[in-house]
Amino acid sequence: MRVVLAEDLYLLRDGLTHLLTAHGCEVVAAVESGPELAAAIEEHSPDVAIVDVRLPPTFTDEGLQTALEVRRKRPGLPVLVLSQHVEQLYARELLADGVGAIGYLLKDRVMNAAQFVDALRRVAGGGTVMDPDVIAKLLASNANKQPLGTLTPREREVLELMAEGCSNAAIGQRLFIGDGAVGKHTASIFAKLGLAVSDDTNRRVLAVIAYLNNAQT
């Protein structure tokens with residue numbers, strides 16, 4: 001897996017480079033600014049980009065703005081955002097293109113290397129991996145909007161875990177319910193969000209996207 005990494009802090013950038021290399025990834029470019037990130041993606045066509053939110057020259061949202069611009073030019077480019085904070089507007093914008101292959105993790109909550117690399121591989125494979133704090137804030141702001149308001153509390157819990165990238169088995173373990181119950185809740189969520197029955201492997205991602213996109217209506 002070929003990775004472009006954008007992180008302005010040298011120690012973190014260097015540490016991530018060594019961590020990813022140790023886990024079999026090839027870091028084809030490790031840069032520290034928004035313009036360098038855009039140029040590195042253009043030059044290397046990576047399998048996935050890891051992007052810090054705040055990068056030079058503005059130290060505000062340069063990383064996310066660059067990621068959004070790159071995704072507009074190259075729809076589906078996998079992007080994993082690493083941030084100290086939840087930027088709800090930009091998180092929703094990244095998801096709203098409906099393509100998937102997006103991750104948003106909070107730096108303080110990444111507990112170990114294996115967890116981080118697993119999340120990166122899932123994003124590179126087209127999945128969506130959201131930190132629980134990110135998805136909780138996104139969903140809380142939409143809780144009273146239709147069809148969000150039609151979901152039961154348990155269905156909301158299941159959808160939040162879907163957004164984290166959990167499988168049905170993992171959801172069952174987290175909520176202490178069986179596979180059958182998870183499947184029932186999942187089917188109900190799809191129905192309430194108007195997602196037709198399909199073998200599309202990204203339907204779980206589409207459920208999250210549909211849920212979040214509702215805020216824009």
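Keep in mind that the numbers below use all heavy atoms, side chains included, and drop hydrogens, waters and symmetry copies.
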Tell me whether [X] shares a hydrophobic cluster with [Y], the cluster being built from Ile, Leu, Val, Met, Phe, Trp, Tyr side chains joined at under 4.5 Å.
X: Phe59; Y: Leu55; result: no
X: Val51; Y: Leu64; result: yes
X: Leu5; Y: Leu80; result: yes

>> Testing the 3.5 Å rule here: is there a donor-acceptor pair between the side chains of Glu36 and Ser33?
In response: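 Looking only at side-chain atoms, Ser33 and Glu36 do form a donor-acceptor pair, the distance falling under 3.5 Å.
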key: Criterion side chain to side chain contact (heavy atoms under 4.5 Å, CB included) against Val4, the qualifying member of Asp47, Ile50, Val48, Ile41   =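 Among the candidates, only Ile41 passes.
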Rounded at 0.5 Å granularity, tell me how far [atom1] in [X] sits from [atom2] in [Y].
X: Leu159; Y: Ser188; atom1: CG; atom2: OG; value: 11.0 Å
X: Leu16; Y: Leu9; atom1: CG; atom2: CG; value: 10.0 Å
X: Leu120; Y: Cys25; atom1: CG; atom2: SG; value: 5.5 Å
X: Arg121; Y: His23; atom1: CZ; atom2: NE2; value: 8.5 Å
X: Leu37; Y: Asp8; atom1: CG; atom2: CG; value: 12.0 Å
X: Leu161; Y: Arg156; atom1: CG; atom2: CZ; value: 12.0 Å

Q.
Any salt bridge linking Glu7 with Lys107? Criterion: basic side-chain nitrogen under 4.0 Å from a carboxylate oxygen.
A.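 Salt bridge: yes.
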Any idea which heavy atoms bring [X] and [Y] closest together, and the distance?
X: Val79; Y: Ala67; result: CG1-CB, 4.1 Å
X: Leu105; Y: Ala119; result: CD1-CB, 3.9 Å
X: Thr17; Y: Arg13; result: OG1-O, 2.8 Å
X: Pro35; Y: Pro57; result: CD-CD, 3.9 Å

Side-chain donor or acceptor of [X] paired with backbone N/O of [Y] under 3.5 Å:
X: Arg2; Y: His44; answer: yes
X: Thr186; Y: Val182; answer: yes
X: Arg54; Y: Glu62; answer: no
X: Asn112; Y: Gln115; answer: yes

Flag the pair [X] / [Y] as yes when at least one side-chain heavy-atom distance between them is below 4.5 Å, and no otherwise.
X: Val53; Y: Tyr104; answer: yes
X: Leu106; Y: Gln84; answer: no
X: Arg154; Y: Leu175; answer: yes

**Evaluation steps, side chain to side chain contact (heavy atoms under 4.5 Å, CB included), between Val3 and Glu26** = CA-CA 6 Å; Val3 180; Glu26 179 186 2; over 6 Å; no
- Task: Output, in order, the C-alpha distance, side-chain angles, deciding distance and verdict of salt bridge (charged side-chain N to carboxylate O under 4.0 Å, His left out) for Glu42 and Lys73.
- Result: CA-CA 10 Å; Glu42 180 68 24; Lys73 294 179 179 176; over 6 Å; no
Can you tell me which residue among Arg72, Gln65, Arg71 is in a side chain to side chain donor-acceptor pair (under 3.5 Å) with Glu69?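 Exactly one candidate clears the test, Arg72.
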For this session: List the steps, then state whether side chain to side chain contact (heavy atoms under 4.5 Å, CB included) holds for Phe116 with Leu20.
Result: CA-CA 9 Å; Phe116 176 70; Leu20 292 169; 4.0 Å; yes
Go through the steps to decide whether Glu160 and Met130 satisfy the test side chain to side chain contact (heavy atoms under 4.5 Å, CB included), and finish with yes or no. CA-CA 9 Å; Glu160 288 171 11; Met130 306 293 282; over 6 Å; no
task: Let me see the working for Val117 and Arg122 under side chain to side chain contact (heavy atoms under 4.5 Å, CB included), right down to the final yes or no.
output: CA-CA 9 Å; Val117 174; Arg122 280 186 280 161; over 6 Å; no
